[in-house]
Amino acid sequence: MLEYKVKDLNLVHTWTIARSSSNVKHNVFTRITKNGITGIGEAAPNARYNETTESTIDVIEKAKPLIEKFDLWNFVDLGYEIQNLCEEQTAAKCSIDLAIMDWVAKSLHVPLYKYYGLDKSKAPITSFSIGIDTPDVMQQKIREADEYPVLKIKLGKDNDEEIMTAVRAVTDKVLRIDANEGWTNKEDALEKIKWLEKMNVEFVEQPMPSHMLDETRWLRERANIPIIADEAVKSAADIPKLAEAYDGINIKLMKSGGIQEAMRMIWMARSLGMKIMLGCMVESSCAISAAAHITPLADYADLDGNLLISNDPFSSVKVVKGKMILPDKTGLGLEGEF
Ligand code: MG
């Protein structure tokens, strides 16, 4: 049986990145029950990828007959069937895939990371994101983020210098920069990166629009810090063409359509010598924990979506001084209801 519910997740601070701003997110939670075991998943629909609550529900409705018909133990074939239900709409597909994989690991009585044979002590620290705001508020957010050793700063609007000056006035922590496709001229982007290289910046995420692959390759040849693809990559099929333009990829379950495709992406990117980052949208502990279970395979984690909301319906992975502590309960290890 497949059920779903829309829940409003409230942001602690208004969340602003280069292209949008919001105070509340409407995520869609999915529950699959078979043989007395319930798996839970989550979709965080994203306007950047033409997703809405309605389009997400449409796909979940379409998946209902598949869930009824399939033996959930054939979850690989079932996963492909769900990916093939329609083009895109990966947040909806993710919600279903997470519920299936939660069910599988619960049925086997193991936490998901054990199912994948991973060493939980290798889970990296997660960065904590500081959304775009006035310099005063950004400084306040940085003070509130005292316990996190690595911060992710969103740039890409027209006041990058003002922001970085304000940030560096209050912290000397390692910074990761995400321009969210905000720099559209390669010479300007290079100048920004050269300037950032002198400011203890670990890497720059998606400096230029995803379609500007040649310009990004040009940039990478001249930059001394890694350039990571985010908006340019959704699934494994996107990766080969990115290998010369980017040093690594930011995998998000909401873009891949779930854990099964995220695992294929990890193997594909590794085979091309690329770095792996696991990132997120604004998500509850449900989807964040799902990603956390596979972070022992990642170089970088940016799984703070649940830390940005004030009414998380679940708890699971814990973050202590930035380090992710994976749960030992079965499946995703969720406690809570939706
Ligand atoms: Mg990003």
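Just follow the structure's listing: the first ligand is 1, and inside any ligand the first atom is 1.
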**Student:** Between the side chains of Asn46 and Glu51, does any donor sit under 3.5 Å from an acceptor?
**Tutor:**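 Asn46 vs Glu51: no donor-acceptor pair found between side chains.
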
**Student:** Report the hydrophobic cluster partners of Phe203, with the cluster defined as I, L, V, M, F, W, Y residues connected by side-chain heavy atoms closer than 4.5 angstrom, directly or transitively.
**Tutor:**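 Besides Phe203, the cluster holds Ile228, Met277, Tyr300.
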
**Student:** Answer yes if the side chains of Ser284 and Asn306 hold a donor-acceptor pair under 3.5 Å, and no otherwise.
**Tutor:**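 Per modelled atom types, Ser284 and Asn306 side chains form no pair under 3.5 Å.
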
**Student:** Under 3.5 Å, which donor-acceptor pairs do the side chains of residues 325-338 form with other protein atoms, sequence neighbours left out?
**Tutor:**
unit_1 : atom_1 : unit_2 : atom_2 : d
Asp328 : OD1    : Tyr113 : OH     : 2.6
Asp328 : OD2    : Lys120 : NZ     : 2.9
Lys329 : NZ     : Leu334 : O      : 3.1

**Student:** Excluding sequence neighbours, so at least two apart, what forms ring-ring contact (aromatic ring centres under 6.0 Å, His included) with Trp195?
**Tutor:**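 Not a single residue meets the ring-ring contact (aromatic ring centres under 6.0 Å, His included) criterion with Trp195.
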
**Student:** Could you check whether Lys321 pairs with Glu147 (Lys NZ or Arg NE/NH1/NH2 to Asp/Glu carboxylate O, under 4.0 Å)?
**Tutor:**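 No, no charged N to carboxylate O under 4.0 Å.
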
**Student:** Using a strict cut-off of 2.8 Å, how many protein N/O/S atoms surround the Mg ion (ligand 1)?
**Tutor:**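 Protein N, O or S neighbours of the Mg ion (ligand 1) under 2.8 Å, waters not counted, come to 3.
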
